[in-house]
Student: 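Have a look at this one.
Because only heavy atoms are used, hydrogens play no part in the values below, and waters and symmetry mates are left out as well, while side chains stay in. We name chains A, B, ... by the order of the sequence lines, and we start the count at 1 in each one.
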Amino acid sequence: MAELNMVEAINLALREALQEDDSVLVFGEDVGVDGGVFRVTDGLIEEFGEDRVFDTPLAESLIVGTAVGMAAYGLKPVCELQFSGFSYEAFHQIESHAARLRWRSQGRYPMPLVIRMPYGGGGRALEHHSESREVYFAHTPGLKTVIPSSPRSARAMLAGAIRDPDPVIFMEPKRLYRAFREEVPEEPECIPPGTAAVLRPGEDATLVSYGAMMQPTLEAAGVLEAECDIHCEVIDLRSLSPLDTDCIAASSAKTGHIAIVHEAPKTYGPGAEVVATINERSFYYLKKPVRRIAGFDVIIPLFAREKAYLPDSERIVHEVLAMLEIEKKEG
Amino acid sequence: MAELNMVEAINLALREALQEDDSVLVFGEDVGVDGGVFRVTDGLIEEFGEDRVFDTPLAESLIVGTAVGMAAYGLKPVCELQFSGFSYEAFHQIESHAARLRWRSQGRYPMPLVIRMPYGGGGRALEHHSESREVYFAHTPGLKTVIPSSPRSARAMLAGAIRDPDPVIFMEPKRLYRAFREEVPEEPECIPPGTAAVLRPGEDATLVSYGAMMQPTLEAAGVLEAECDIHCEVIDLRSLSPLDTDCIAASSAKTGHIAIVHEAPKTYGPGAEVVATINERSFYYLKKPVRRIAGFDVIIPLFAREKAYLPDSERIVHEVLAMLEIEKKEG
Amino acid sequence: MKSEFSTEVLRILDTEGRADTSLLPDVDDELLLQMLKAMIRARRVDEKRLELQRRGDIGTFAPVKGQEAAQIGAIANLQKNDWMIPAFRESAAMLWRGTPISQLLLYDAGYNEGGLIDGDSHDFPIAIPVATQLPHAAGIAYAAKYRGDAVVAMTFFGDGATSEGDFHEAMNFAALQQLPLVFICQNNHWAISVPRERQTRSRTLAQKALAYGMPGLLVDGNDLLAVYAACEDAVERARGGKGPTLIECDTYRMEVHTTADDPSRYRDQEEVEAWAARDPIDRVVSYARERGAIDDAAIEAFEQEVEEDIRNAWKEACQRMAELDGTPLAMFEHLYAEATPAVQAQREWYRRYLDRSGE
Amino acid sequence: MKSEFSTEVLRILDTEGRADTSLLPDVDDELLLQMLKAMIRARRVDEKRLELQRRGDIGTFAPVKGQEAAQIGAIANLQKNDWMIPAFRESAAMLWRGTPISQLLLYDAGYNEGGLIDGDSHDFPIAIPVATQLPHAAGIAYAAKYRGDAVVAMTFFGDGATSEGDFHEAMNFAALQQLPLVFICQNNHWAISVPRERQTRSRTLAQKALAYGMPGLLVDGNDLLAVYAACEDAVERARGGKGPTLIECDTYRMEVHTTADDPSRYRDQEEVEAWAARDPIDRVVSYARERGAIDDAAIEAFEQEVEEDIRNAWKEACQRMAELDGTPLAMFEHLYAEATPAVQAQREWYRRYLDRSGE
Ligand SMILES: Cc1ncc(C[n+]2csc(CCOP(=O)(O)OP(=O)(O)O)c2C)c(N)n1
Ligand SMILES: Cc1ncc(C[n+]2csc(CCOP(=O)(O)OP(=O)(O)O)c2C)c(N)n1
Ligand SMILES: [Mg+2]
Ligand SMILES: [Mg+2]
């Protein structure tokens, strides 16, 4: 057992995959000698050599496009896009090929590739370094999209993504990279795409979130219990696609009050699908409209104001109380 | 007054804009001498010269990127991407610049540009020529996204898009290009982004749709009235972003039964946002869960099976009756 | 320091089929005939598809007519374990590699099943988004090199494709990594309605290789032997670890861009006729006849064989279609290794929906 | 046919500041000093930003140190109505064009307002996604040409940027349309941790211009006068309707990539020191002193003036920040000409939310 932060946990998962299977390759911009701009790939080139861990030229479409070719050849490429804000340079390779080649070739060329990318706000970073646009991927048939919320889940979910026979977008909440440490067991763990987790049981309301927003969500659940005796069930979606609708439905049926928290812009955001799922599966259990606690429909501001943009535990508490129509003295 | 099909109507709108304002330029692949692969730009190069109407090299990022530069210079570029399936090659220019330059420059460089692209199924076309992925754009802050459903609205909405001071994604339902003709008035009309239209009043249920799916939706409303005496209010969203939530809410409050029809994949699709909007604004009026009648979460099949994929009036009737819990003898 | 580059064209057979014997590659009669027949077969399949399309039996497709030498001269250098990564106009190359005609037709008719790649094939399905297959080819070549396999990848694309960013990114990486990869640019002078001169200002497309420190070669793409010779060399160098090559084949698209296209809007019939005089098949026929490798009777016999094959292939395709027509649920297949819960549920919903009249 | 291209480097000032008088451009004392001072000012602003960043007062930024000659030598050729389209390391060029230091610092400190482009400026805000600004520059140049304005666009980018598809697409279009555009590639030998040799296999970056039929020139990027001379020529040709030029400035990133970077992981201190001996400012100081255009006292006086300016700028920036700190609602501004209903509603909701304690 070791206490790892998320960077170390992901590094561990990469190392384990590289050790276990010589068809795994790791590449991207600055992932080699530099060990990645966040040090996620630290030490890998030394251990596995520059055939298996290498820097590409500065070209995102190339990175994903070569991953597609390698996957067709039978390898398991795990490539990195330096920030999700630069994944759009490769979007055509993702949508038009990674997501389709298995289908197009009628099963001949599975695409067991992983595209890692840091995403999200809160890091005092430059423009294009703080967005949360997971919907672009989650809405794309042929892809799977997962986002971990802690070191341990990151390590297990990356293992699950690498082993998955389909292309997986693995988005890393960079705000959590070094935010906290967690016990990560010695033995390998594997969480395949598609299952959510109940992080905290409760019966008064359900709080659904994922990625970096799990932290304020859990915090809010703590506050609501401590200060208002409201017991929230907290769900970590982990996988946006496939979406674990059973987990959402079960909790919705239990509590009848559901809020979804994400930092992506609200409109056409991930929360809309959660609302729609609940509308379809749990409509008659609903006591109140589902609340979306989300990023605003603007570009996340430069870092001086990013906190104002990002949902935090205070906002979540406020919104949950509003949903429950409970007045809380604030301020 | 003339009876025009949608190709002619869009051509007319382009011609009017080019005549009215010498800052309007039209360019893209094969839009010049060839008049566009669907003939939408037919005759424009002859009338306005090849400085204003021109073929670019085969490079989508270039097309949108130059449009961004031209818009900053004070022009009004109206560029064409040959199919929406090739807009992903330009997605980074759309997301990272067209949608942001006004914001980034704090108002100094507005982006009054229009990106036209045909989208959608039903045309017996090749792979990548039949998708409906408007969510990628509608979810992107800084853009507006509109989709006409008839020749007359196409002409007026394109005028509205070109005059709009913000970047507008103008998606053209190519299945309707030559599907029918409609009276288009002599005098210019202008529908700015942001307003939906009630195409047919009704009180039993609301059918919300847009683009190519308006046709089967209207047809279904006709069948429901004729055969089951069910009066559907039919809404043409026209603008996915901004979304006219007032229009949706008003009708939802009236009927309490709402279905949304689109050909985009269901999950994280446009319908999810419509459901979420109704959940937020009209929850207490809802008599039944909102129905999503949508494309499946797969890649639209090659054309031999595309009809099976696409919602049609039969499927819509079936689903509306199911929503209303009315049995209809079918077959 | 001054460096130089050539913009000369490699030509071995002139338009009358006379060979420059000093440049002749080592092609024996058997291979010559194999290639000639492949060209003729591709031409006839093209004609059949056009006919089928015009009468509404299949959908739109991109005819190969005029580019048979560029494709066959290149692909004939590959071995079975090598990889071919085509664009969308490579029917000649695909047929050479073993794609059954019936499979092509099934694809043309709009069935996902037409895209099937055989289990022991090492070829890619067609790539419609222009130039996007080039990075795939680079990935394949990297993988082959990583695995130590003596495998070469060959990718095809057009003159228009050279304007796309993906061309640039793939060429750069291939040269940097000295990958076993041959880039075959079929400069057929048109990208739909845009002529080569309005695609780029560079004198040749071959010279674009200089930007990557890669050898670039211009060949007469309607000269089977010139293409063969150039590609033989390039494949050998690739296999020998000497890195990639760009080969520009100067050829011509004799037909419509796709069946949705009307070239009379943008090009003159004279241009087409001038190129008809440089037909790639005629030249080889003359040469082979001259060389004594073939006579009219043999050609006639082969033409009949091809006609028969095509007839049978269409019959087979029609049978397949008839079988497949009752299977709309196939649209849910092959997207994921195992259908996701959403796809499963939708498939199940749709199955019931289709069955509803029977219930 | 054989064509040739040069991979020679244009150099006018050697590292000791001795000029090759046969090549000297027409730069009078006034312009020389103006450029020298701009270089020094940029260097000092860089140092100040580094200090502010290290103590947590501003966020991450990309230092310009070492590239002052490449930027100033190029930008000094532009007129007010010309357009500059920078990447993200062009602080020297931006300061030359009139961006106030306080504005840079406000941006560094994470305020949207720091991105403000002045109403009468013709420059673009910084572009962070690598190479994406090149098509913008092409669009601007096209627009200028269309309008008949005698305007030139100049865009800056790095060695790494040449690997992106957008570089390729923009270069191709600019050459094809013979646009009034100058491409300044600052080859500072590193793209974060990736050295120039692992970015591309071409001997020079300048030779990439050949792929587009565009002139490409390699200059010593640490030689102010060489850069100036090359760009003077390129700007003149652009303005005269003779089309675009690619200029590769061979220079060096003396500092971290950004303040988030640790170069000790990937490059040796010796390399940095070797380049320090080729410092672009030292060279010009020696030359200007030799020429009698400046003396130590003048330099000293100027250094003091700059120090004062920077101090005032930071004060001003801090004042701005203090004013702006109570205005979170500004995040809703400038996205659309008029806020959409959703944005308006969210703004209103947030306003009330912030006010709730007061209610
Ligand atoms: C990325 C992309 N953009 C646009 C298209 C539409 N399109 C199909 S083929 C074609 C022209 C291709 O020209 P070229 O590369 O010369 O190949 P050719 O058709 O001549 O074989 C275009 C523009 C496409 N398929 N993909
Ligand atoms: C499209 C894109 N991919 C990746 C990055 C991350 N990134 C920022 S700067 C940089 C290196 C740029 O190198 P170069 O073009 O040589 O410019 P320099 O930093 O040396 O000035 C990278 C990879 C980015 N900003 N944009
Ligand atoms: Mg072509
Ligand atoms: Mg650099």
Student: Quick check for you: to the nearest 0.5 Å, what is the distance between Met331(D) atom CE and Ile299(A) atom CD1?
Tutor: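 Output value for this atom pair is 13.0 Å.
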Student: Taking every non-hydrogen pair under 4.5 Å, which of Pro263(D), Ala191(D), Ala109(D) racks up the most with chain A?
Tutor: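 Most heavy-atom pairs under 4.5 Å with chain A: Ala109(D).
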Student: Which members of residues 82-94 of chain A, sorted by number, sit under 4.5 angstrom from chain D on a heavy-atom basis?
Tutor: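 Listed by number: Gln82(A), Phe86(A), Glu89(A).
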Student: Which atoms of Leu335(D) are under 4.5 Å from chain A, going by heavy atoms: the side chain, the backbone, both sets, or neither?
Tutor: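 Looking at Leu335(D), just its side chain touches chain A.
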Student: Examine whether an atom of Asp55(A) lies under 4.5 Å from a heavy atom of chain D, and if so say whether it belongs to the side chain, the backbone or both; otherwise answer neither.
Tutor: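 The side chain, not the backbone.
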Student: Which residues satisfy the side chain to side chain contact (heavy atoms under 4.5 Å, CB included) test with Ser121(D), sequence neighbours excluded?
Tutor: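 Residues passing side chain to side chain contact (heavy atoms under 4.5 Å, CB included) with Ser121(D): Ile117(D), Asp118(D), Asp123(D).
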Student: How many angstroms lie between atom CG of Asp297(A) and atom CD of Gln344(D), to the nearest 0.5 angstrom?
Tutor: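 Interatomic distance, Asp297(A) CG to Gln344(D) CD, rounded to 0.5 Å: 12.5 Å.
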Student: Contact part of Thr200(D) toward chain A, heavy-atom cut-off under 4.5 Å: side chain, backbone, both or neither?
Tutor: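 Neither part.
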Student: Tell me, do His257(D) and Val37(A) make a side-chain contact under 4.5 Å, heavy atoms counted?
Tutor: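 Side chain of His257(D) against side chain of Val37(A), heavy atoms only: no contact under 4.5 Å found.
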Student: Sort Asp108(D) into side chain, backbone, both or neither according to what part of it lies under 4.5 angstrom from a heavy atom of chain A.
Tutor: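 Backbone only.
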Student: Which atoms of Val343(D) are under 4.5 Å from chain A, going by heavy atoms: the side chain, the backbone, both sets, or neither?
Tutor: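 Contact with chain A: side chain only.
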Student: Looking only at heavy atoms, what is the nearest atom pair of Ser163(D) and Ala59(A), with distance?
Tutor: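 It is O-CB, 3.6 Å.
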Student: So if I take each residue of residues 118-128 of chain A and look for any heavy atom under 4.5 Å from a heavy atom in chain D, which residues do I end up with?
Tutor: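 Under the 4.5 Å heavy-atom cut-off, Arg124(A), Leu126(A), Glu127(A), His128(A) qualify.
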Student: Between the main-chain N or O of Arg315(A) and the side-chain N or O of Tyr353(D), is there a donor-acceptor pair closer than 3.5 Å?
Tutor: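 Such a contact is found between Tyr353(D) side chain and Arg315(A) backbone.
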Student: Decide side chain to side chain contact (heavy atoms under 4.5 Å, CB included) for Arg305(A) and Asn112(D); before the verdict, give the C-alpha distance in whole Å, the side-chain angles of both, and the deciding distance to 0.1 Å.
Tutor: CA-CA 9 Å; Arg305(A) 294 193 186 91; Asn112(D) 290 3; 4.3 Å; yes
Student: Give the member of Thr162(D), Thr327(D), Thr340(D), Thr258(D) that has the highest number of heavy-atom pairs under 4.5 Å with chain A.
Tutor: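 The candidate making the most pairs under 4.5 Å is Thr327(D).
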Student: Decide if atom CD of Glu51(D) counts as having more than 12 heavy atoms of other residues, nucleotides or ligands within a radius under 6.0 Å.
Tutor: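 It does: Glu51(D) CD has more than 12 such atoms within range.
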Student: Less than 4.5 Å to any heavy atom of chain A: does that hold for the side chain of Ile58(D), its backbone, both, or neither?
Tutor: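 For Ile58(D), the contact with chain A is made by the backbone alone.
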Student: Can you tell which of Pro328(D), Pro129(D), Gly59(D) has the highest number of heavy-atom pairs within less than 4.5 Å of chain A?
Tutor: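 Of the options given, most contacts go to Pro129(D).
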Student: Go through Thr267(A), Thr56(A), Asp30(A), Leu62(A) and name the one with the most non-hydrogen pairs under 4.5 angstrom from chain D.
Tutor: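 Option with the greatest count: Asp30(A).
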Student: Below 30° counts as parallel, above 60° as perpendicular, anything between as tilted: where do the rings of His318(A) and Trp349(D) land?
Tutor: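 Plane angle over 60°, so perpendicular.
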Student: Relative to chain A, which segment of Leu329(D) carries a heavy atom at a distance below 4.5 Å: side chain, backbone, both, or neither?
Tutor: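 The answer is neither part of Leu329(D).
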Student: Quick check against the 3.5 Å criterion: does Tyr266(D) have a side-chain atom that pairs as donor or acceptor with the backbone of Gly32(A)?
Tutor: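 No; zero donor-acceptor contacts below 3.5 Å.
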Student: So Gln346(D) and Val298(A), side chain to side chain contact (heavy atoms under 4.5 Å, CB included) or not? Walk me through it.
Tutor: CA-CA 10 Å; Gln346(D) 290 169 12; Val298(A) 297; 5.6 Å; no
Student: Just to be sure I understand the criterion: a residue of residues 38-52 of chain A counts if one of its heavy atoms is under 4.5 Å from a heavy atom of chain D. Which ones qualify?
Tutor: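 Counting heavy atoms that sit under 4.5 Å from chain D, the residues of residues 38-52 of chain A involved are Arg39(A), Asp42(A), Glu50(A).
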